[in-house]
J.: 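Please see the structure below; I have some questions.
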Amino acid sequence: LAALTGHQAWVEGVAFSRDDKTLVSISGDGVAKVWDWVPRKEMLSWQAHAKVQKRRPFAPAHAVLFLGRGSILATSGADGYVRFWKPGSTYPLVSFRPSPSGDKPEHLGSLACSPDGRLLASGSHEGWISLWDISQEKPEALVRWRMTNSWVGHVLFLPNGRLVASGRNGIRCWDLSDPREPKESDGLAGRSNLDISPDGRRLVSQSLDSSSFMFWDATSGTEFPMAQ
């Protein structure tokens with residue numbers, strides 16, 4: 001075990017590279033850091049996004065994610081932008097936002113990439129989910145929809161390509177056979193925090209009463225016994 005220190009604000013997102021040699025973190029002040037995981041050493045630090053002005057418990061305003069084979073790093077933040085970076089560089093390759101120009105920026109606290117690396121999804125404090133095609137050099141906005149009047153806690157893709165998102169009002173799922181027209185399928189009973197096992201077979205979330213965890217088969221949606 002190890003404790004890495006250096007951020008001046010609460011850490012809101014972390015991501016390991018595919019070879020487990022590099023860790024990237026991002027904090028509430030929008031600062032991203034790259035760590036060499038073997039010697040536990042900070043390698044790079046930069047202002048990736050704006051600072052969040054008001055923290056909301058359980059609702060991060062920044063996120064970080066390695067895309068595809070790890071050659072591109074994606075971040076999102078309280079300034080409403082998603083940015084792509086070449087690992088080791090502090091100059092974004094591309095910067096784009098889901099909300100229309102002129103609208104108040106969304107707080108983008110969750111990112112997910114599809115298993116085939118073609119789609120990117122974001123979730124915001126304002127309850128919106130946005131979907132892009134990132135298979136080309138310039139990301140293409142596909143669709144944007146309102147999941148909830150509250151915040152979106154997490155978004156993730158299942159191995160079968162379905163998109164799953166969690167929030168204060170529960171966990172909901174969409175079929176993305178046509179990415180431009182997501183079709184909602186049966187949701188799950190948990191809320192807030194959500195993650196998937198490395199083999200893609202199990203989903204885990206915080207329960208409705210926030211005192212335990214709930215587990216499902218990621219393919220069938222069958223619930224497993226709860227863990228206290």
Side-chain angles (χ1 to χ4, degrees), residues 1-67 70-99 103-113 120-130 139 150-156 165-168 191-195 204-206 210:
L1 298 177
L4 304 180
T5 59
H7 280 289
Q8 302 302 308
W10 57 94
V11 176
E12 295 197 310
V14 294
F16 270 106
S17 60
R18 292 188 66 177
D19 60 9
D20 290 333
K21 293 182 178 180
T22 303
L23 176 72
V24 180
S25 56
I26 191 166
S27 51
D29 55 6
V31 172
K33 293 180 179 290
V34 177
W35 310 81
D36 186 332
W37 183 244
V38 178
R40 311 296 201 262
K41 181 181 179 181
E42 181 181 323
M43 303 298 292
L44 186 66
S45 180
W46 76 101
Q47 191 72 45
H49 293 275
K51 177 181 179 180
V52 62
Q53 297 301 311
K54 184 177 180 181
R55 186 185 184 192
R56 299 181 67 177
F58 307 110
H62 300 82
V64 60
L65 176 73
F66 279 101
L67 299 178
S71 60
I72 300 295
L73 182 70
T75 62
S76 61
D79 50 16
Y81 280 92
V82 177
R83 295 191 170 104
F84 291 174
W85 315 81
K86 197 75 173 177
S89 172
T90 61
Y91 297 94
L93 296 171
V94 64
S95 183
F96 54 98
R97 56 182 292 188
S99 54
D103 284 9
K104 183 178 179 180
E106 297 175 43
H107 294 69
L108 304 177
S110 185
L111 287 175
C113 185
L120 180 74
S122 71
S124 74
H125 277 200
E126 293 72 24
W128 291 91
I129 295 175
S130 300
S150 184
W151 42 266
V152 176
H154 289 77
V155 291
L156 61 82
S166 68
R168 179 171 294 177
R191 57 175 269 190
S192 190
N193 296 314
L194 178 70
D195 208 346
V204 60
S205 82
Q206 185 179 356
S210 300

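All values reported here derive from a predicted model rather than from experimental measurement. Values reported hereafter were calculated over all heavy atoms of this structure, with side chains retained and with hydrogens, waters and symmetry mates removed.
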J.: Do Ser122 and Ser130 come close enough that some side-chain heavy atom pair is under 4.5 Å?
T.: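 Ser122 vs Ser130: side chains touch.
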J.: Under a 3.5 Å distance rule, please check whether Glu12 uses its side chain to pair with a backbone N or O of Ala61 as donor and acceptor.
T.: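 Present.
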J.: Using side-chain heavy atoms (C-beta onward) and a distance below 4.5 Å, is Val152 in contact with Ile129?
T.: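 Yes, their side chains come closer than 4.5 Å.
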J.: Rounded at 0.5 Å granularity, tell me how far CZ in Arg97 sits from CG in Leu108.
T.: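 One gets 9.0 Å once the value is rounded to the nearest 0.5 Å.
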J.: What residues form a side chain to side chain donor-acceptor pair (under 3.5 Å) with Ser71, not counting sequence neighbours?
T.: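 Here no residue qualifies.
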J.: Locate the shortest heavy-atom distance separating Phe66 from Ala15; write the atom from each residue and the value.
T.: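 Looking at all heavy atoms of both residues, the closest pair is CE1-O, 3.6 Å.
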J.: Would you name the heavy atoms of Leu111 and Ala63 that are closest together and state the gap between them?
T.: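 Smallest interatomic distance, heavy atoms only, reads N-CB, 4.0 Å.
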J.: Going by atom types only, do Thr75 and Arg83 share a side-chain donor-acceptor pair under 3.5 Å?
T.: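 No, no side-chain donor-acceptor pair sits under 3.5 Å.
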J.: Which is it for Val31 and Gln8 under the side-chain contact (heavy atoms from CB on, under 4.5 Å) test, yes or no, and what are the steps along the way?
T.: CA-CA 9 Å; Val31 172; Gln8 302 302 308; over 6 Å; no
J.: Report yes if the side chains of Val11 and Ile26 come closer than 4.5 Å at any heavy-atom pair, otherwise no.
T.: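 No, every pair of side-chain atoms sits at 4.5 Å or beyond.
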J.: Where do Pro105 and Ala78 come nearest, in terms of heavy atoms and distance?
T.: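 Distance-wise, the nearest heavy atoms are CB-O, 4.5 Å.
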J.: At what distance, to the nearest 0.5 angstrom, does OG1 of Thr5 lie from CZ of Arg40?
T.: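 Atom-to-atom, Thr5:OG1 and Arg40:CZ are 13.0 Å apart.
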J.: Check step by step if side-chain contact (heavy atoms from CB on, under 4.5 Å) holds for Ser25 and Lys33.
T.: CA-CA 5 Å; Ser25 56; Lys33 293 180 179 290; 3.8 Å; yes
J.: Ignoring hydrogens, what is the shortest heavy-atom contact between Ala9 and Ser27? Give both atom names and the distance.
T.: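 In this case the closest contact between Ala9 and Ser27 is O-CB, 3.7 Å.
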J.: Could you give me the CA-CA distance, side-chain angles and deciding distance for Leu120 and Val82, then say whether side-chain contact (heavy atoms from CB on, under 4.5 Å) is met?
T.: CA-CA 10 Å; Leu120 180 74; Val82 177; 4.0 Å; yes
J.: side-chain contact (heavy atoms from CB on, under 4.5 Å) between Leu65 and Leu73: does it pass, once the steps are laid out?
T.: CA-CA 6 Å; Leu65 176 73; Leu73 182 70; over 6 Å; no
J.: Taking ring-ring contact (aromatic ring centres under 6.0 Å, His included) as the test, write out the residues that go with His49, two or more places apart.
T.: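 Partners of His49 under the ring-ring contact (aromatic ring centres under 6.0 Å, His included) test: none.
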J.: Taking atom types as modelled, is there a side-chain donor on His125 or Glu106 under 3.5 Å from an acceptor on the other?
T.: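 No pair is found: no donor N or O on one side chain lies under 3.5 Å from an acceptor on the other.
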J.: Under the ring-ring contact (aromatic ring centres under 6.0 Å, His included) test, which residues partner Phe16, sequence neighbours left out?
T.: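 Phe16 satisfies ring-ring contact (aromatic ring centres under 6.0 Å, His included) with Trp37 once adjacent residues are dropped.
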J.: If we only count heavy atoms from C-beta on, is the Leu93 to Ile72 side-chain gap below 4.5 Å?
T.: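 Contact flag for Leu93/Ile72 side chains = yes.
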J.: Looking only at heavy atoms, what is the nearest atom pair of Pro98 and Gly80, with distance?
T.: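 The answer is CD-O, 3.4 Å.
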J.: Applying ring-ring contact (aromatic ring centres under 6.0 Å, His included), can you list everything that pairs with Tyr81, at least two apart in sequence or on another chain?
T.: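 ring-ring contact (aromatic ring centres under 6.0 Å, His included) check on Tyr81 returns nothing, list empty.
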J.: Given 3.5 Å as the limit, does a donor-acceptor pair link the side chain of His62 with the main chain of Ala50, or not?
T.: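 Checked: pair present.
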J.: Residues two or more places apart in sequence or in another chain: which of them pass side chain to side chain donor-acceptor pair (under 3.5 Å) with Ser17?
T.: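 In terms of side chain to side chain donor-acceptor pair (under 3.5 Å), with neighbours along the sequence ignored, Ser17 is linked to Asp19.
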J.: Listed by chain and number, what are the ring-ring contact (aromatic ring centres under 6.0 Å, His included) partners of Trp85, not counting sequence neighbours?
T.: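 ring-ring contact (aromatic ring centres under 6.0 Å, His included) list for Trp85, sorted by chain: Trp46.
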J.: Are the side chains of Thr22 and Val34 in contact, using a 4.5 Å heavy-atom criterion?
T.: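 With C-beta onward as the side chain, the pair touches.
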